[in-house]
Amino acid sequence: MISNNYYYNMNNYAYRPYFGAAASSAPLEKPIEVVQKTIEDSVNIFSPEPKDEEKRRIRNRAIWVSSAVLVASALVTLLNPRVSGKTLRRIQAWQNKARIKLEKNNHNSFIENLYRTSVETSERALKFFNFTNTFNAGKDMALQKLLTQKAVSRPDDNLFLKIWKPIHSTIASVMKKPCEIITKGFDKVTLNTVTSGYKRAIKKMDKTDDLIKLYMNKLSPDEKKIIEIKLREIADIKKYFSEENTISRLSEQEKLMSNLETDFSRKFDTFRKGFNKNDPQQWKQHIKANMSFWAEDILQPKKNKLIEEGNSVVEKLTGNTNKKGLYNDIIDILAPKLKPEERLALEESVTKTSKNLKKSNWNECAEYFDKKRDLMLGSALSDGLGAIVSLGLCGLAVGTAHTKEDKASRALTLGFPAIAGLGTSLVLAMRLVPGVKCLLLGSAIGGAMSLVGAKSGQYVAQHMKSSSPESIPGNTLKPTSITTNNPQEVRLNA
């Protein structure tokens, strides 16, 4: 029989403290509380706190879940602190601008010192972040070797290695297949991001082409022939962006990285052997000279070539600052025969097409290349492990509940929403969405799922209570006593 406690828990879950008896033992309690307070203050500016106690508790529970997702996602980032290429490029751009200003302002000592400081600061930041990426890649590669590559025993192994290597081989035998599945899953999501981007770009191209064909009726026969030739050229180039050809090019990218792990290991061996044990000053110089992202250094020439080839294809359609593309040529022919609003519609369509093509091509040649490079070094395993750790810590709020009914209500309003929010954040990262957007969208999804869970819990509780023996006329049951170790719950029950 379902106890009265169940109905109490489901109807009053919103009145319970967020961590219950486990509050003092939850490792993420303090950072979640700080983020929660910040979000609550921001929400209160635009939406005053509800006067109804139950609605207020539900809203605060949703804010707690959003805060937990933010903290958990940040923890994943801390466990795998990969600095994006976009961030590094921005720092490099700031450095270049400051250097140009420094060269132009060599008469004012204050301004000169200001720009010199900017150049030096950005240079140190670049080196630090690049070396962080190198350290992170080395950690990912070590974890991947631990979980997927069996140890090779040698006759000269010491006692520790003789014990450890069989254990290591057993771990690798069990974990190799799951690790490969995880990595392929991450890769598939990112690959689909590239192909789906090209599909959207092709749809934009088709609409632009249809618009051009519509306006061709206003041209002379000779002008029509010129545009028809250009449209055939566009159709031939469009095949380059097909899913089949895109996947083929992405497979070639993987082949370009086939020796990455070996080259990275060699770079590490050279770095490790370059220290002079008796000269601490030489240590600093040696580390300073190697503070770059080694994996990027190894692959940068190949990446630059891919970007150049991709840009050349796109520019045949959209042009660049020095040369017009096929669409620009078509606009020049059509423009004199079009009304102002027709010309504007065509130019806007070409602009949108150009924007989609450039973004999709950049995702293929730069963003996917970087993501694939990290996956080859084992980033998927580190991200997955970080997510498991984060969810495990957040799950203490659910797992330490006193009763099964309490666990059910917490799972609806805390557990499942936190998993959904963090999962959303990870999937968005795999889909090449910038890091800040991943955190914010994941947090929003978690909060929304908590509200849905709250409403679901109320509906289930009311439905089950209406069908319980107590609700049948003439049937009375004595309420069962509520036993709890949580003083706050005793007070609430009273």
Side-chain angles (χ1 to χ4, degrees), residues 85-86 89 190-253 256 301-370 431-432:
K86 186 175 183 180
R89 286 191 294 273
T190 309
L191 185 148
N192 287 340
T193 301
V194 177
T195 56
S196 61
Y198 276 132
K199 287 178 181 178
R200 288 192 295 271
I202 289 174
K203 287 183 179 179
K204 292 288 184 183
M205 291 179 69
D206 290 340
K207 289 182 179 179
T208 302
D209 295 348
D210 291 340
L211 200 58
I212 292 170
K213 292 173 183 177
L214 177 65
Y215 294 151
M216 280 174 61
N217 294 326
K218 301 186 177 188
L219 301 177
S220 66
D222 290 339
E223 289 173 327
K224 284 182 180 180
K225 287 181 180 180
I226 295 174
I227 290 186
E228 285 172 355
I229 292 172
K230 293 186 179 296
L231 286 176
R232 283 197 292 270
E233 291 181 52
I234 290 173
D236 289 337
I237 295 173
K238 195 183 295 184
K239 296 175 184 177
Y240 178 88
F241 308 119
S242 69
E243 183 173 356
E244 182 182 358
N245 289 331
T246 301
I247 292 175
S248 177
R249 291 195 302 274
L250 296 180
S251 297
E252 290 298 319
Q253 285 193 24
L256 293 176
K302 298 175 181 178
K303 178 181 175 182
N304 289 341
K305 186 177 179 181
L306 289 175
I307 292 175
E308 184 180 349
E309 291 174 352
N311 285 340
S312 67
V313 175
V314 174
E315 287 171 1
K316 286 180 183 178
L317 297 170
T318 63
N320 54 36
T321 54
N322 300 319
K323 185 180 179 181
K324 290 184 177 181
L326 290 168
Y327 281 123
N328 305 115
D329 293 338
I330 292 174
I331 289 176
D332 289 343
I333 296 172
L334 283 170
K337 306 294 178 67
L338 299 178
K339 296 177 182 178
E341 60 271 19
E342 292 174 335
R343 177 173 180 173
L344 180 61
L346 179 59
E347 288 176 344
E348 286 181 349
S349 184
V350 169
T351 299
K352 290 179 181 179
T353 298
S354 175
K355 185 177 179 180
N356 273 265
L357 284 173
K358 289 177 180 178
K359 181 180 179 181
S360 300
N361 185 249
W362 181 258
N363 279 344
E364 175 196 342
C365 301
E367 299 293 350
Y368 179 83
F369 188 93
D370 290 346
R431 293 190 65 83
L432 308 178

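Everything numeric here is computed off the predicted structure, so don't read it as measured data.
At distances below 3.5 Å, at least one donor-acceptor pair connects side-chain atoms of Asn245 with backbone N or O atoms of Lys239. Panel note: side chain Ser354, backbone Val350; no donor-acceptor pair is recorded below 3.5 Å. Side chain of Thr190 to backbone of Tyr368: no donor-acceptor contact under 3.5 angstrom is found. Using modelled atom types, one side-chain atom of Thr353 and one backbone atom of Ser349 make a donor-acceptor pair closer than 3.5 Å. Counting only distance, with no hydrogens or angles, the side chain of Glu233 and the backbone of Lys316 share no donor-acceptor pair below 3.5 Å. In this structure a side-chain-to-backbone donor-acceptor pair under 3.5 Å is present from Thr208 to Lys204. Side-chain atoms of Arg200 never come within 3.5 Å of backbone atoms of Ser360 as a donor-acceptor pair (strictly under, hydrogens ignored).
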Notebook entry, point to check: Could you go step by step and tell me if Leu219 and Ile226 meet the side chain to side chain contact (heavy atoms under 4.5 Å, CB included) rule?
Noted result: CA-CA 10 Å; Leu219 301 177; Ile226 295 174; over 6 Å; no

Checklist line | Derivation of the side chain to side chain contact (heavy atoms under 4.5 Å, CB included) call for Asp332 and Lys324 | finding: CA-CA 10 Å; Asp332 289 343; Lys324 290 184 177 181; 2.6 Å; yes

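Rounding to the nearest 0.5 Å places CG of Asn361 at 12.0 Å from CG of Asn356. Here Leu357 contributes atom CG and Tyr198 contributes atom OH; the two are 8.0 Å apart, rounded to the nearest 0.5 Å. Remark: Leu214 CG to Leu346 CG distance equals 10.0 Å, nearest 0.5 Å. If you take OG1 on Thr318 and CG on Leu326, they are separated by 9.5 Å, rounding to the nearest 0.5 Å. Taking CG of Leu211 as the start and CG of Leu338 as the end, the distance is 8.5 Å to the nearest 0.5 Å. The structure places OG1 of Thr321 at 8.0 Å from CD of Glu315, a figure rounded to the nearest 0.5 Å.
Minimum interatomic distance between Tyr240 and Gly310 (heavy atoms only, all atoms of both residues): OH-CA, 4.1 Å. Taking both residues in full, the closest heavy atoms of Thr193 and Ser196 are given as O-OG, 3.1 Å, listed atom of the first, atom of the second, then distance.
Applying the side chain to side chain contact (heavy atoms under 4.5 Å, CB included) test to Ile307 and every residue at least two apart in sequence or in another chain returns Lys303, Asn311, Trp362, Cys365, Ala366. With sequence neighbours left out, Lys337 forms a side-chain hydrogen bond (donor to acceptor under 3.5 Å, both in side chains) with Glu223.
For the pair Ile212 and Lys230, the minimum side-chain heavy-atom distance is 4.5 Å or more. Two residues are said to be in side-chain contact when any heavy atoms from C-beta on lie closer than 4.5 Å; Phe241 and Glu364 fail this criterion. Contact annotation: the side chain of Asp206 approaches that of Lys238 to within less than 4.5 Å [non-hydrogen atoms, C-beta and beyond]. In this structure, the side chains of Lys213 and Leu231 come closer than 4.5 Å at one or more pairs of heavy atoms.
Around atom CD of Glu341, more than 12 heavy atoms belonging to other residues, nucleotides or ligands sit under 6.0 Å away. Remark: Lys203 NZ is loosely packed, at most 12 non-hydrogen atoms of other residues, nucleotides or ligands lying under 6.0 Å away.
Salt bridge Lys224/Glu228: absent, no basic N to carboxylate O contact under 4.0 Å.
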